[in-house]
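Computed from a prediction, not measured in an experiment: that's the story for all the values here.
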Amino acid sequence: MSKKKNLLYILFFGITCGLALATKISILPIMIIPFLLIKKFQYKGYFVLTAFLTFSLLFFLITPDSSFIWKFIFNSIIHSGKYGSGSANFVDTAQIIPKLELIYNNFLLFCIIYIVIFVTIILQLIPKFRNQIRANKYFLLLIGVFVIKSFFILLVIKQSESYYILPGLMFSVIGLFAVNSIIFDLFPKYFKFSKYLYLFIFSSFLRFLKSNYLKIILIFLLTVKMNLIKL
């Protein structure tokens, strides 16, 4: 793209991220995606500066007592528990396993897609795949999605509320799209029919796992098994 178009995208990215950040401070991790996608370090600086200026302008206009807000944010970071109500440590380690189980039970699709993204990123450690994966135009995007989803998992553990996972959940679709593109480049012979056919099948399977149909089938099979045992 031309320099003019690059600067235009940077401006839009910066304003959008600054607006989102002023609305909800926990949206901060989404800035990792434009930061990774923007090529030159100078342009990355323009993006951060634009986002910071937009955030500052909006934040100080709508916040009557900014010192109270910053103190609240600081206490939430350095203390565990919801809104920093816990002890003076970053995370309550006793809550890690229970909160991961909560995420698994309530957001199974999120967990499956998170693992798929993680495995795809790990594939670059195999020398045979390293250059091909890193050359894919969606690789940096996938890294950004993984960082975002990891952050919101940590936020659930820290704040003890499962709904904090929802912003990270929204990035699952684009994460799957990036995975599909990378796997297509690695194993093109398995995509003879369509580049996106297997992604559609995988997505349909994930929806089936969360649907009531699966529960009905499991109950039916369990009932049949019990009847056979009685016979």
Side-chain angles (χ1 to χ4, degrees), residues 1-63 66-79 82-84 90-91 103 107 110 113-114 116-118 120-121 124 133-134 136-159 161-179 181-182:
M1 293 190 299
S2 65
K3 181 178 179 180
K4 184 178 180 180
K5 283 188 176 181
N6 268 323
L7 293 176
L8 188 62
Y9 273 105
I10 290 168
L11 180 64
F12 284 146
F13 274 139
I15 292 175
T16 302
C17 288
L19 174 61
L21 196 59
T23 306
K24 192 169 180 64
I25 199 72
S26 61
I27 294 296
L28 178 64
I30 71 170
M31 292 182 64
I32 190 66
I33 288 182
F35 187 81
L36 289 174
L37 295 183
I38 296 171
K39 299 293 184 181
K40 295 182 179 180
F41 185 78
Q42 179 184 5
Y43 289 168
K44 293 179 188 287
Y46 290 160
F47 159 69
V48 173
L49 180 62
T50 303
F52 174 76
L53 290 177
T54 304
F55 165 77
S56 299
L57 178 64
L58 294 172
F59 177 79
F60 289 108
L61 284 177
I62 65 178
T63 307
S66 59
S67 61
F68 171 79
I69 299 295
W70 289 119
K71 183 179 179 181
F72 169 78
I73 293 172
F74 181 75
N75 287 332
S76 297
I77 293 174
I78 66 172
H79 291 80
K82 188 173 182 179
Y83 304 138
F90 181 69
V91 173
I103 294 173
F107 303 97
F110 175 92
I113 295 172
Y114 181 80
V116 169
I117 292 174
F118 176 74
T120 304
I121 294 174
Q124 67 170 310
I133 291 177
R134 293 181 180 180
N136 187 281
K137 63 181 179 180
Y138 296 113
F139 174 67
L140 290 178
L141 176 63
L142 189 65
I143 294 290
V145 170
F146 181 75
V147 171
I148 291 171
K149 292 170 77 71
S150 299
F151 171 83
F152 286 106
I153 291 174
L154 177 61
L155 193 60
V156 170
I157 296 173
K158 184 170 177 57
Q159 295 292 340
E161 293 289 351
S162 61
Y163 58 78
Y164 279 104
I165 207 75
L166 295 178
L169 188 64
M170 294 189 294
F171 287 90
S172 297
V173 175
I174 190 63
L176 274 181
F177 178 82
V179 167
S181 176
I182 292 173

ask   = CD1 of Ile121 to CG of Leu142: how many Å apart, nearest 0.5 Å?
value = 4.5 Å
message = According to side chain to side chain contact (heavy atoms under 4.5 Å, CB included), who are the partners of Ser172, at least two apart in sequence or on a separate chain?
response = Phe110, Ile113, Lys149, Leu169
ask   = Which residues satisfy the side-chain hydrogen bond (donor to acceptor under 3.5 Å, both in side chains) test with Ser150, sequence neighbours excluded?
value = Tyr114
ask   = At what distance, to the nearest 0.5 angstrom, does CD1 of Ile30 lie from OG1 of Thr16?
value = 8.5 Å
ask   = Is the closest side-chain heavy-atom distance between Phe152 and Ile148 below 4.5 Å?
value = yes
inquiry  = How long is the straight-line distance from OG1 of Thr120 back to CZ of Phe139, given to the nearest 0.5 Å?
reply    = 10.5 Å
note = Rounded to the nearest 0.5 Å, the OH atom of Tyr46 sits from the CG atom of Asn6 at a distance of 11.5 Å
message = Over 60° means perpendicular and under 30° means parallel, so tell me whether Tyr9 and Phe13 are parallel, tilted or perpendicular.
response = tilted
query = What's the verdict on side-chain contact (heavy atoms from CB on, under 4.5 Å) for Leu166 and Phe107, showing C-alpha distance, side-chain angles and the deciding distance?
reply = CA-CA 9 Å; Leu166 295 178; Phe107 303 97; 4.0 Å; yes
query = In chain order, what residues pass the side chain to side chain contact (heavy atoms under 4.5 Å, CB included) check against Val48, with sequence neighbours excluded?
reply = Phe35
ask   = Side chains of Ile33 and Phe171: does their closest heavy-atom pair fall under 4.5 Å?
value = yes
key: Validation row: Ile165, Ile153 side chains within 4.5 angstrom (heavy atoms)   = yes
task = Find the distance between CD1 (Ile157) and CD1 (Ile103) and round it off to the nearest 0.5 Å.
result = 5.5 Å
query = When rounded to the nearest 0.5 angstrom, what is the spacing between OG1 in Thr54 and CG in Leu49?
reply = 9.0 Å
key: Pairwise side-chain contact, Leu7 with Tyr43, heavy-atom cut-off 4.5 Å (strictly under)   = yes
query = Looking only at heavy atoms, what is the nearest atom pair of Leu58 and Ala22, with distance?
reply = CB-CB, 3.8 Å
Pairwise side-chain contact, Leu21 with Met31, heavy-atom cut-off 4.5 Å (strictly under) = yes
message = For a quick test of reading the model, state the closest non-hydrogen atom pair linking Ala20 to Ile27 and the distance between them.
response = CB-CG2, 3.7 Å
key: Shortest non-hydrogen contact between Lys44 and Lys39, atoms and distance   = CE-O, 3.7 Å
